[in-house]
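Notes follow once the structure below has been shown.
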Amino acid sequence: MTPNPEIRTRFAPSPTGYLHIGGARTTLYNWLFARRHGGTFVLRIEDTDEVRSTADSVTAILDSISWLGLDWDEGPLDFEREKGPHASYYQMKRLASYQEHTKRLLDEGTAYPCYCAKEETDAVRKEAQAKGQPMPEDPCRRLSEAKRKEHEAAGRKAAVRFIMPDEGETIVDDLIRGKVHFENRLAPDLVIQKTTGGPTYNFACVCDDHAMAISHVIRGDEHLSNTPAQLRLYEALGWKPPKFAHLSMILGPDGTKLSKRHGATSVLEYRDQGFLPEALRNYLALLGWSNTESKQLFSPEELVKAFDLPGCQKNPATFDPVKLAWMNGEYMRALAPAEIVKRAEPFLKKAGLFPPPPGPSLERLAALEREKFKLLPDVPGRVDFFYRETELTDKARKTLSAPEAKPVLAGLAGLLASFEPFTEKPLEEAIRGFCAARALKPGQVFHPLRAAVSGRADGPTLFLMLELMGRETVVARLRGAMSKLGQS
RNA sequence: GGCGCGUUCGUCUAGCGGCCUAGGACGCUGCCCUCUCAAGGCAGAGAUCAGGGGUUCAAAUCCCCUACGCGCCA
């Protein structure tokens, strides 16, 4: 891919919480678009909400993005350091630039100080609304110098409002939704600076997107209605606006916006539940974007190659954890056994299986059970009985409590006590021979054997399982199961 | 309240006026494979394309209205 300096995208989170699924998808789409076109992906931290912004959130967001396998070319490296020619990428460190631009708009007369308290403007608007009248002009727009001095003298703090045109319309030419028309007379004058002196979201965003030479703003749907005002700001400041693409939102199973009450919404929670980053990334890519082939599984390279904005969905998408789990299973199965063990290490540790106790190698077990893994915790969950006796599952208990089980186990214990060599094929031959000799159907022997040895009714292929477990363990467990049966 | 966006199987979606008796994926059901469970293979159920009006020889596809959902501003 030849580098293309014209293409610059960004993700601009507020560090007021964790990176959630929706933000992750927005990040992914921005990243894909940049990579697809040889462009640059910028990460900017919108921390102007001083009360709610935290350093921990910044760290969590950076970790989440990295975990997903995405990288950014410019932005913070950690809470202290940054990279890129447009630093700082923290809005709190760019305050002077917003004030400078505000001053310019003020000087040029396209913005004015507004002394109205929020309640006052609200009341005026409500009244007009009730009477069905159009939005009245903001009273401070034509404030006399005397009146202004009066407010100042009274110690009233001013916000700064940007003048929106009274007529005509503003058209947002969105890359996903097409041309969207907005009537100017309906838009109130936009507050660009709060009474605290800080910039509003919409203003800081415009200043930074321009300063950072962003070419494509790919962001959530909720910002579409803000876009006309932003476009006017670009115009007033004499800047070329970027192209916009507004993504639909992600919904929970009940059709409302995905939130904490729907379960896990933070990317890190998915990591902790044992999802693979490549699976989550693939799933997220498909949630709101599709290609005409209806292809489901994409390697990162394929995704970068195939992704485009016109393929993005206009309507909101419901997050489906079941499909995510399926996809995760697909990725698990594609992993080499050694890699499965490596990825599952934290979960194995938690289960006390890492470093592995004496017994078969984790890698062999991973190979044995591979097609059953859906999530990483399934690795310890399906492999633990090789190392230690686990509690009987209900089904296994039922199999073992059948009256015909005990003599079978006794016979098998005798057969296997000094069986040589204790490997798959000879074991199978011998055990099948055992069935034939006693005129038993294979199932009548295999099922109790499996239950006694593994404690469960499902599991890996029987004879290889015996081989890996080893003679000592197998015989000990057969005898243990018998004695337990004897007691009951 | 105003404005904006959206509405195709339970879910993600294909579809850009005739190829649609609406295709794929997840999930579901059944069968096959088989020592169990998975995986895999095959088959099936599942959408009168939100509803109603137009336009057209022909509409899921274009236009209008209504309903519902969501967002923004207030």
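Letters A, B, ... are given to chains in the order of the sequence lines, protein chains preceding strands, and every chain is numbered from 1.
Neither OP1 nor OP2 of B/A38 sits under 4.0 Å from any side-chain N or O of A/R382.
Contacts of A/F182 with the nucleic acid, taken as non-hydrogen atoms under 4.0 Å apart, involve only primed sugar atoms and P, OP1 or OP2. Using a 4.0 Å heavy-atom distance criterion, A/G443 is classed as making no nucleic acid contact. Counting any heavy atom pair closer than 4.0 Å across all strands shown, A/H181 reaches sugar-phosphate atoms only and no base atom. Residue A/R333 is classed as a sugar-phosphate contact, given heavy-atom separations below 4.0 Å to backbone atoms only. Residue A/L224 is classed as a sugar-phosphate contact, given heavy-atom separations below 4.0 Å to backbone atoms only. As judged by a 4.0 angstrom heavy-atom cut-off over every strand, A/A317 is placed among residues touching the sugar-phosphate backbone only. Nucleic acid contact class of A/G288 (heavy atoms, under 4.0 Å, all strands): sugar-phosphate only. Contact annotation for A/P442: no contact, since no heavy-atom pair falls under 4.0 Å across all strands.
Atom P of B/U29 sits at a distance of 23 Å from the matching atom of B/U48, rounded to the whole Å. To the nearest whole angstrom, the two C1' atoms, one in B/U7 and one in B/G52, are 15 Å apart. The P atoms of B/A14 and B/G6 are separated by 14 Å, rounded to the nearest whole Å. With both ends at atom C1', the span from B/A50 to B/C70 equals 15 Å, rounded to whole Å. Rounded to whole Å, the C1' atom of B/U13 lies 14 Å from the corresponding atom of B/G27. B/G44 and B/C9 have their C1' atoms separated by 14 Å, with the value rounded to a whole Å. A gap of 11 Å separates the P atoms of B/C5 and B/C64, to the nearest Å. Spacing of C1' atoms, B/A59 relative to B/A22, comes out at 13 Å, to the nearest Å.
Across the protein-nucleic acid pair, A/K314 atom NZ and B/U8 atom P stand 13 Å apart, rounded to whole Å. Rounded to a whole Å, the CG atom of A/L368 is 12 Å from the C1' atom of B/A38. B/A38 atom P lies 12 Å from atom CZ of A/R450, rounded to whole Å. Rounded to whole Å, atom P of B/U34 lies 20 Å from atom CG of A/D458. Atom pair A/R177:CZ and B/C5:P shows a separation of 8 Å (rounding to whole Å applied). Per the geometry, NZ belonging to A/K323 stands 13 Å off C1' belonging to B/C9, to the nearest Å. Taking atom CG of residue A/L286 and atom P of nucleotide B/C12, one finds them 12 Å apart after rounding to whole Å. The distance between atom CZ of A/F244 and atom P of B/C72, rounded to the nearest whole Å, is 17 Å.
Nearest nucleotide to the A/L287 side chain, out of B/C35, B/C12, B/G71: B/C12. Nearest to the side chain of A/W326, among B/U36, B/A25, B/A39, sits B/A25. Among B/C35, B/C73, B/C12, the nucleotide with an atom closest to any side-chain atom of A/T318 is B/C12. Nearest to the side-chain atoms of A/S290 among the listed nucleotides B/C12, B/A14, B/G27 stands B/A14. Ranking B/G10, B/U8, B/U36 by closeness to the A/N315 side chain, first place goes to B/U8. Distances from the side chain of A/P188 to the nucleotides B/C35, B/C26, B/C73 place B/C73 closest. Nearest nucleotide to the A/S294 side chain, out of B/U8, B/U36, B/G24: B/G24. Side-chain proximity of A/E222 to B/G71, B/U11, B/G40: nearest is B/G71.
Of the charged side-chain nitrogens involved, none lies within less than 4.0 Å of a carboxylate oxygen, so that A/E302 and A/K305 do not count as a salt-bridged pair. For the pair A/R36 and A/D308, the salt-bridge criterion is not met [side-chain N within less than 4.0 Å of a carboxylate O].
Nearer to the 5' terminus of RNA chain B, by closest-nucleotide assignment, is the contact made by A/E330 (compared with the other of A/S225 and A/E330). Nearer the 5' end of RNA chain B, as judged by each residue's closest nucleotide, is the contact made by A/Q313, out of A/M249 and A/Q313.
If you check B/G2 for Watson-Crick or wobble pairing at under 3.5 angstrom, you find it paired to B/C72. With a 3.5 Å ceiling on both atom-pair distances, the Watson-Crick or G-U wobble partner of B/G10 is B/C26. Using Watson-Crick or G-U wobble geometry with both donor-acceptor distances under 3.5 Å, B/C20 finds no partner in any strand shown. The base-pairing partner of B/C62, taking Watson-Crick or G-U wobble contacts with both distances under 3.5 Å, is B/G54. When both distances must be under 3.5 Å, the Watson-Crick or G-U wobble mate of B/U36 does not exist. Using N1 to N3 plus N6-O4 or O6-N4 for Watson-Crick, or N1-O2 and O6-N3 for G-U wobble, each under 3.5 Å, B/C49 pairs with nothing.
One side chain, A/N184 or A/T170, offers a donor N or O that lies under 3.5 Å from an acceptor on the other.
Checking side-chain atoms of A/N328 against main-chain N and O of A/L324 turns up no donor-acceptor pair under 3.5 Å.
In this structure, A/R25 satisfies the cation-pi test against A/Y29, with its NZ or CZ atom closer than 6.0 Å to the six-membered ring centre and inside 45 degrees of the ring normal.
In summary, of the residues considered (A/V474, A/L449, A/V475), a side-chain contact (heavy atoms from CB on, under 4.5 Å) with A/L412 occurs for A/L449 alone.
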Requested in this report: Starting from the C-alpha separation in whole Å, work towards a yes-or-no answer on ring-ring contact (aromatic ring centres under 6.0 Å, His included) for A/H210 and A/Y234.
Outcome: CA-CA 8 Å; A/H210 172 258; A/Y234 278 102; 7.3 Å; no

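Nearest heavy atoms, A/R343 versus A/E278: NH2-OE2, 2.7 Å.
For A/E429, the CD atom counts as loosely surrounded, since its 6.0 Å shell holds 12 or fewer non-hydrogen atoms of other residues, nucleotides or ligands.
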